[in-house]
Structures are given as structure tokens and as C-alpha cells.
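First listed ligand is number 1; within each ligand, the first listed atom is number 1.
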Amino acid sequence: MAATFEMIEKYGDHEEVVYCYDKSAGLKAIIAIHNTALGPALGGTRMWGYKSEDEALTDVLRLSKGMTYKAAAAGLNLGGGKAVIIGDPTKDKSEAMFRAFGQFVNSLNGRYITAEDIGTTVRDMGHVFAETPWVTGIAPALGGSGDPSPLTANGVLHGIRATVKEHFGTTDLKGIRVAVQGLGKVGSYLIDYLKAEGAEIVATDIDKERCKEIEAKHNAKIVSPDEILFQDCDVLAPCAMGAILNDETLPKLKCKVIAGGANNQLAEMRHGDQLKEMGILYAPDYVINAGGLMNVFVELEGYSIDRALERTETIFDNLLDIYKISKKEGIPTYKAADTLAERRLNSIGRLRQKHPGNTSRQFNTLKVTDR
Ligand code: NAD
């Protein structure tokens, strides 16, 4: 037991960590609420075949803290939380498991709001919704917003525009050469948006069929997955996996700026310092890819695609604010993003302590029947 508490303390100042166990439903889960200074803690439920409980706990503590920063930097009235379910998502799922999990979420009375994540689906969240209103990213048929990827990609487009403005002094993307790594949900929607703006695309995916589709649809230049990061281009837009900015890749980069939707792009934080030294402007990943989070936030208020699109537009100003802090304080952009988030947590969090309830109006009144 002592080891568990030590781990929780080691990973920062979490407000609450809840172990969820239901034998008959086969549920073993952990919910971590990192911080609710700005609003209820929101973060998806990851289902993964963790090798140990310690591994699951480490993941949920790390991810929930990340959500606090993401929501704060996005300007949302949300805190940070996350949940993990221990199990193989391809074999161990059942309706009972997700309903039992929903009962635990419900017992937190809205302090934690869940959503889908790696290993869970909109369908799973439908089962959670049968037990609690504190779930978002549910199916449109249930009043939800469904797949967030188009909104994530829309936010990335605004983020690319802000980063291009900062580096090249223009918001016009016509003729700007963008290298897109990964043609999945985010990457392919992003290319739709970029082509509509007149950008020139070079792209890749390890899935050859996806490459063929994008080549045919947009007349995009396709290169091999080994070459994409080293293209001579204006913008590198990583939209596949994490840790692609590392000791091996950095010396070979030929892009001017990096602005893409993938999570955890920096292998280590020091690579962000190195990018600054190289004169490559890096759009911090958790800021530029916050469109999906903004989309589920709008769902909590009662979903409207127009309001969701208005929200994702704010990523433009959020990034410009970060670039301003970075220049003024002489720090790399990833640190400037943390600084912006921490300042908002302190200043707005303090205001909410004085007058609790004002900024959480929309969530406090939410009922199952409202959606
Ligand atoms: P996805 O699984 O739909 O697409 C990922 C694509 O990357 C796949 O087509 C895959 O074949 C390809 N890929 C994998 N390894 C590759 C490689 N080495 N080279 C080239 N292509 C490779 O996932 P997605 O939803 O589009 O998410 C993409 C990234 O954006 C992920 O890092 C994800 O965490 C992040 N993200 C997604 C969302 C969202 O709303 N979907 C929100 C925030 C962040």
C-alpha cells in the first residue's frame, strides 16, 4: 500500500485517485483526478493490457496531469483527469464492464467526466452513458458529438496558420509546402482543409492503400515513411505516432516549423530546447491538437458544430500567446505552453475559489434528459 501512495505523491499533486473493482463485471480500473481548479476534470478512459497495476497507475497519473495542462492552455473551464481500465480491449470488453465503470464515474457526481480514448470506442461510452450523464464523446444518436477527429484536424489547421504567421509573417497558406506524416483520421481531414487553402502537400502512411487514396483524391506527392520527416518543406505536420522528434531525426530536419496533431511528439523535453536552438518553431502538441477536447467541451454545453468550429479557431490565438511568452522570456515553446497553462490555473483557479459555481453553470445543470 505504501508503494502506491508513494507513487501517487511522486507524480504530482493529484486531488483524488479512485480504484474501481467489480468482480462480476470483470472491471479493474483507476480514475485519477489531477486538478479541478478550472472546472470538472475531463479525460478519456484508456483500456490497455497493462502488465501490472503499477504500470496502469503510472499511466493514469501521468495522463491526468497532462489533461490539466491541455484544458488550461486551451482556455477551457475544465480540469484534468483520466481513467484506465486494465484489460485487453480486443478480448475483455463487455457491456457490464462499461456499465459498472459508469457507476463509479457517476459516484463522483461530475467531478470527473469521461470520454473515449485508446482502446475504447463511442459504443463503449454509450454503455457508460446508460449509468451516468458524466460522459462525453458519445454517439450523435444519443445527443453526442461522435468522432472528434474532424475538429482536431480543424484545430491543427488554425495552429498551422498561427505558426506560419509567427515564422513567415503571413496567414495565407497558398503555396505553403506541408509534409504530413500519417493519413489516418486526423491526417486525412487535415489534408482536405490544407488543399482547400491552396497548400502544397507531400504525405505518407505505412498503409499503402491510404497513400493511394490521398494521391488520387488530392494529387498529393507521396513519399516513403522513412523520408517524410526530412522533406525540404515549410511545415512538418506529424499526425501519426509520438517521439518522432528525437536524437536521430533532429539533425536531419529540413522544415521551418513543426505543427501537427500527433501526441507526445518530443521524445524528451530537451529536444524542444534543441529545436529552439536550430531555429525551428515548434507548435506544442497538446495545444495544437486540443480541437477534439474543445469538441467534447461543446458537447457538454449542448452540441453545435458551429460553436465547436468557433472553439477550434481559438487555437490560433492560444499559439500566438505561447509564441509571445517564448520570445519575451527566451524559453522554448513547449515550456511557454506550460507557463501559459500554469498562469491560467493560478489566476482563474483563484477567482473560482472566491466565487465557485460561476464558471461551471453549464455542467451543474446538465441532466441525462438534456441530451
Ligand atoms: P489514426 O490511427 O486514425 O491514424 C494514424 C495513422 O498513422 C494511420 O493511418 C497509421 O497507418 C499511420 N502511421 C503509423 N505509423 C506511421 C509511420 N511510421 N509513418 C507514417 N504513418 C504512420 O489516428 P488519428 O486519430 O488520426 O491520430 C493521429 C495522431 O493524433 C495520434 O498521435 C493521436 O494520439 C493524435 N490525436 C488524435 C486526436 C483525434 O481526435 N483523433 C486528438 C488528439 C490527438
Side-chain angles (χ1 to χ4, degrees), residues 42-46 48 59 62-63 66-67 69-71 73-74 76 80 82 89 115-122 125 136-138 144-160 178-194 201-215 217 220-231 236-246 248-249 258-267 283-299 308-309 311-312 315 318:
L42 191 145
T45 298
R46 183 164 293 193
W48 194 252
D59 213 24
R62 184 178 61 82
L63 294 167
M67 289 308 296
Y69 279 74
K70 185 166 186 166
L76 298 174
K82 199 88 183 179
E116 70 170 296
D117 195 74
I118 294 170
T120 58
T121 62
V122 170
M125 291 308 119
T136 185
I138 53 174
S145 58
D147 178 14
S149 309
L151 275 294
T152 300
N154 188 262
V156 174
L157 175 77
H158 293 299
I160 289 178
V178 187
V180 181
Q181 181 190 42
L183 304 173
K185 295 190 288 288
V186 175
S188 55
Y189 284 119
L190 177 64
I191 292 179
D192 290 345
Y193 286 125
L194 286 169
I201 306 294
V202 49
T204 196
D205 199 289
I206 46 171
D207 180 340
K208 290 204 171 71
E209 285 307 308
R210 300 292 303 132
C211 293
K212 274 190 205 152
E213 278 169 38
I214 295 293
E215 190 176 26
K217 187 174 174 192
K221 182 178 171 200
I222 301 295
V223 296
S224 88
D226 297 342
E227 295 170 329
I228 193 75
L229 297 175
F230 315 123
Q231 291 298 302
L236 173 64
C239 295
M241 57 328 173
I244 41 110
L245 302 172
N246 54 44
E248 211 178 292
T249 59
I258 301 172
N263 273 317
N264 307 316
Q265 293 172 32
L266 299 171
D285 46 19
Y286 74 77
V287 181
I288 191 171
N289 73 18
L293 178 63
M294 292 174 172
N295 193 49
V296 292
F297 174 83
V298 171
E299 180 179 324
L309 287 167
R311 272 279 171 191
T312 54
I315 289 175
N318 294 345

Heteroatom distance test (Asn263, ligand 1): nitrogen or oxygen, under 3.5 angstrom: yes
Shortest protein contact, atom 12 (C) of ligand 1 (heavy atom only): Asp205 OD2, 3.2 Å
Between Asp226 and Ser224: side-chain donor-acceptor atoms closer than 3.5 Å: no
Identity and separation of the nearest protein heavy atom to atom 26 (O) of ligand 1: Val186 N, 2.8 Å
Val296 backbone acceptor or donor facing Thr136 side chain under 3.5 Å: yes
Heavy-atom pair with the smallest gap, counting every atom of Asn295 and Ala308: OD1-CB, 3.4 Å
Region of Thr152 engaging ligand 1 - heavy atom pairs below 4.0 Å: side chain
Ligand 1 N/O within reach of Thr204 N/O, cut-off under 3.5 Å: no
Under 4.0 Å to a heavy atom of Gly261 - the qualifying atoms of ligand 1, by number: 30 (O), 35 (C), 36 (N), 44 (C)
Proximal ligand 1 atoms for Pro148, defined as those under 4.0 Å from one of its heavy atoms: 40 (O)
Ligand 1 atoms in contact with Ala262 (distance to a heavy atom under 4.0 Å): 29 (C), 30 (O), 32 (O), 35 (C)
Test of proximity, Ser149 against ligand 1: N or O pairs below 3.5 Å: yes
Nearest neighbour in protein (non-hydrogen) for atom 43 (C) of ligand 1: Asn289 O, 3.7 Å
Whether Arg210 side chain and Leu183 backbone form a donor-acceptor pair below 3.5 Å: yes
Polar side-chain atom of Thr204 near backbone of Ile228 as donor-acceptor pair, under 3.5 Å: no
Min N/O separation Gly187 to ligand 1 under 3.5 Å: no
Contact atoms of ligand 1, heavy-atom distance to Gly182 under 4.0 Å: 7 (O), 21 (N)
Results of side-chain hydrogen bond (donor to acceptor under 3.5 Å, both in side chains) for Asn264 - residues two or more places apart only: none
Per-atom contact, atom 30 (O) of ligand 1, protein heavy atoms, under 4.0 angstrom: yes
For atom 3 (O) of ligand 1, the option (of Met241, Gln181, Lys185) bearing the nearest heavy atom: Lys185
Exam field: side chain Gln265 to backbone Ala243, donor-acceptor pair closer than 3.5 Å: no
Side-chain H-bond candidate by donor/acceptor type, Thr120 with Asp117, under 3.5 Å: no
Atoms in ligand 1 flagged as close to Gly184, the criterion being non-hydrogen separation under 4.0 Å: 3 (O), 4 (O), 6 (C), 9 (O), 26 (O)
Residues Glu209 and Lys212 bridged, charged N to O under 4.0 Å: yes
